[in-house]
Amino acid sequence: MNTEGLVEVVLPGKVEPEGLQIRLGKVPTAGPGQVVIRMEATGVSFAEQQMRRGRYYDQPPFPFVPGYDLVGTVLATGEGVDPGLAGTRVAALLKVGGWASHVLVDAADVVPVPAGIGAAEAETLVVNGITAWQMLHRKARVRAGDTVVVHGANGGVGSVLVQLAQAAGARVIGTASERHHDALRERGVAPVDYRAGDVAARIRELAPRGVAAVFDHVGGRGIIDSWRLLAPGGTLVSYGSASTRDDEGSKQWPVLKLLGRVWMWNALPNRRRAYFFNVWAGRALAKNRFRARLRTDLTQVFAALQRGEVSAQIAAQLPLTRAADAMRLAESGTVAGKVVLNP
């Protein structure tokens, strides 16, 4: 007899972090093809910071339970699901719904977490790891000997990108604020202060012949500089519009503007490519292919963690009921790594 209750965090509308609500309910039941996961770790990602401002380009209508990804143990399996899954630790990419003690997920969307990897460690690498791996290996196809630029090299995705790029044999130039430079140098990254004026000129000094890839989460005007840094054959991967997080007005427009620019650049005969990366691309059209790719890539990321090529950076761990504090901390820009929520 399961006496546990459901605890979830609700985003009721455009609110300050203190406006998040705690809701109690009944643990859901697994339907056909589903599993119930008892959450062990979920995280605060940039998406939730945009969602609470109503700025994430395809967020559901308020109110909803945020939580982009989670790691937990399968508590119950529905009809048609291998009952042997019960009791195993899994990760899932959700977009919303992870900030809850128990979450209903399609069994086809869960990825096993290898033994020996803790829940919080694994959590830091679900959305960040998938994003970094796919941009690096499926879009930019970075090779040994390449020089790449990672904007926000100390951030959630940025720090994973840096490590995976180095594991692939690439030289990394990373932008970050001054206080993160020593840590980046220790990692073998050439740091550039993004607050110190002409960032592109500083990068050109370090890579006069251009770079093989630029990974840009900032968007806005700076994307033009990112494009100009590419050597012939180079790839720009844009994966967000952090520069517009606090803007008012249309949340679609910054993305559409970016897509328009990317389309135009790709039409030019200059042997360079630009992508706007969205981790969900292809899911609507080819769900099975999307799931297979996600499973393959996240399994690779977990293997890289086990080999020591990637470290799990946990900035802090807080209980789910302190989601407001966790969000404030994640938004403060003072921490390195991922702010993790535990039940």
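- Judged purely by distance below 3.5 Å, without hydrogens or angles, the side chains of Ser159 and Asn154 never pair a donor atom with an acceptor atom.
- For CZ of Arg179, the number of neighbouring non-hydrogen atoms (other residues, nucleotides, ligands) closer than 6.0 Å is greater than 12.
- No single ILVMFWY cluster, assembled from side-chain heavy atoms under 4.5 Å apart, contains both Leu11 and Leu6.
- Note that OG of Ser332 and CE of Met327 are 12.5 Å apart. Values are rounded to the nearest 0.5 Å.
- Contact between Ser101 and Gly5 at its shortest, heavy atoms only, is OG-O, 3.6 Å.
- A salt bridge links Glu331 with Arg53; the closest basic N to acidic carboxylate O contact falls under 4.0 Å.
- Ion pairing of Arg185 with Asp182 is present here, as a side-chain N (NZ or NE/NH1/NH2) and a carboxylate O approach within less than 4.0 Å.
- Counted within 6.0 Å of CD on Glu18, heavy atoms from surrounding residues, nucleotides or ligands total more than 12; the atom is thus considered enclosed.
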Checklist line | Check against side chain to side chain contact (heavy atoms under 4.5 Å, CB included), Val111 and Val90 | finding: CA-CA 5 Å; Val111 178; Val90 295; over 6 Å; no

Next item on the list: Show your reasoning for whether side chain to side chain contact (heavy atoms under 4.5 Å, CB included) applies to Val74 and Val36.
Entry: CA-CA 6 Å; Val74 176; Val36 176; over 6 Å; no

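- The minimum heavy-atom distance linking Ala207 with Arg171 is given by the pair CB-NH1, 4.5 Å.
- In terms of modelled atom types and a separation under 3.5 Å, the side chain of Gln34 and the main chain of Gly31 share a donor-acceptor contact.
- Atom-to-atom distance recorded for Leu93:CG and Leu298:CG is 8.5 Å, nearest 0.5 angstrom.
- In the hydrophobic cluster analysis, where Ile, Leu, Val, Met, Phe, Trp and Tyr join through side-chain heavy atoms closer than 4.5 angstrom, Phe46 is grouped apart from Ile314.
- No donor-acceptor distance shorter than 3.5 angstrom exists from the side chain of Arg272 to the backbone of Pro232, with no hydrogens or angles considered.
- In this pair, Trp133 and His137 present their aromatic rings tilted. The plane angle is within the 30 to 60° band.
- Smallest separation of non-hydrogen atoms from Gly129 and Val160: CA-CG1, 4.1 Å.
- Side chains of Phe215 and Leu136 form a contact here, defined as non-hydrogen atoms less than 4.5 Å apart.
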Next item on the list: Go through the steps for Arg52 and Lys14 under the test side chain to side chain contact (heavy atoms under 4.5 Å, CB included), then give the verdict.
Entry: CA-CA 5 Å; Arg52 81 163 182 83; Lys14 284 194 205 179; over 6 Å; no

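- Arg23 places no side-chain N or O within donor-acceptor distance of the main-chain N or O of Val65, the cut-off being under 3.5 Å.
- Using a cut-off of 4.0 Å between Lys/Arg side-chain N and Asp/Glu carboxylate O, Arg195 and Glu178 are scored as not salt-bridged.
- Trp280 places no side-chain N or O within 3.5 Å of a backbone atom of Lys95 that could act as its donor or acceptor partner.
- Side-chain contact check for Thr73 versus Leu75: every heavy-atom pair is 4.5 Å or farther apart.
- With 3.5 Å as the limit, one finds no donor-acceptor pair spanning the side chains of Thr42 and Glu123.
- In Arg307, the CZ atom is crowded: over 12 heavy atoms of neighbouring residues, nucleotides or ligands sit closer than 6.0 Å.
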Next item on the list: List the steps, then state whether side chain to side chain contact (heavy atoms under 4.5 Å, CB included) holds for Val35 with Leu85.
Entry: CA-CA 9 Å; Val35 293; Leu85 260 182; 4.2 Å; yes

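- Side chain of Asp325 to main chain of Arg322: no donor-acceptor pair is present (N/O by atom type, distance under 3.5 Å, no hydrogens or angles).
- Contact detail for Ala168 and Val142: the closest heavy-atom pair is CB-O, 4.5 Å.
- In this structure, Leu236 is not a member of the same hydrophobic cluster as Val262, with clusters built from ILVMFWY side-chain heavy atoms closer than 4.5 Å.
- By the criterion of side-chain heavy atoms lying less than 4.5 angstrom apart, applied directly or through intervening Ile, Leu, Val, Met, Phe, Trp or Tyr residues, Phe277 is not grouped with Leu285; the two fall into different hydrophobic clusters.
- A distance of 11.0 Å separates CD in Gln49 from CZ in Arg328, rounded to the nearest 0.5 Å.
- A salt bridge links Asp106 to Arg291: at least one charged side-chain nitrogen sits closer than 4.0 Å to a carboxylate oxygen.
- Using a 4.5 Å heavy-atom threshold, the side chains of Gln317 and Val340 count as touching.
- Salt-bridge check for Asp297 with Arg138: passed, with a basic side-chain N closer than 4.0 Å to an acidic carboxylate O.
- Taking a cutoff of 4.0 Å between a charged side-chain nitrogen and a carboxylate oxygen, Asp109 and Arg283 qualify as a salt bridge.
- Between Ile130 and Asp69, every side-chain heavy-atom pair lies at or beyond the 4.5 Å cut-off.
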Margin query: Show, in sequence, the C-alpha distance, side-chain angles and deciding distance for Asp216 and Ser226, and conclude whether the side-chain hydrogen bond (donor to acceptor under 3.5 Å, both in side chains) test is met.
Written below: CA-CA 7 Å; Asp216 186 316; Ser226 289; 2.7 Å; yes

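- Looking only at side-chain heavy atoms (C-beta outward), Gln166 and Val189 come within less than 4.5 Å of each other.
- Between Trp227 and Trp265, the two ring planes are parallel [angle under 30°; tilted spans 30° to 60°].
- Considering only heavy atoms from C-beta on, Pro63 stays 4.5 Å or farther from Gln21 through its side chain.
- When every heavy atom of Ile22 is checked against every heavy atom of Thr321, the shortest pair comes out as CD1-CA, 3.8 Å.
- When the options Ile173, Val192, Val157, Thr175 are evaluated for a side-chain contact (heavy atoms from CB on, under 4.5 Å) with His151, the one that passes is Thr175.
- Taking NZ from Lys338 and OG from Ser45, the interatomic distance works out to 5.0 Å, rounded to the nearest 0.5 Å.
- Put simply, CG on Leu329 and CG on Leu318 are 7.0 Å apart, with the number rounded to the nearest 0.5 Å.
- Side-chain contact, Gln163 with Ser311: a donor N or O sits under 3.5 Å from an acceptor N or O.
- In this structure, the side chain of Asp193 does not engage the main chain of Ser177 through any donor-acceptor pair within 3.5 Å.
- Ring pair Tyr56/Tyr68 is perpendicular by interplanar angle, where above 60° counts as perpendicular and below 30° as parallel.
- Interatomic distance, CG of Leu20 versus CH2 of Trp99, reported as 6.0 Å (0.5 Å rounding).
- Closest non-hydrogen pair, Leu184 versus Gly174, comes out as CD1-O, 4.4 Å.
- Put simply, the side chain of Gln59 does not reach to within 4.5 Å of the side chain of Val96, judged on heavy atoms.
- Side-chain contact check for Arg273 and Thr235: at least one donor-acceptor pair (N or O, by modelled atom type) lies under 3.5 Å.
- Put simply, the side chain of Met39 reaches to within 4.5 Å of the side chain of Leu320, judged on heavy atoms.
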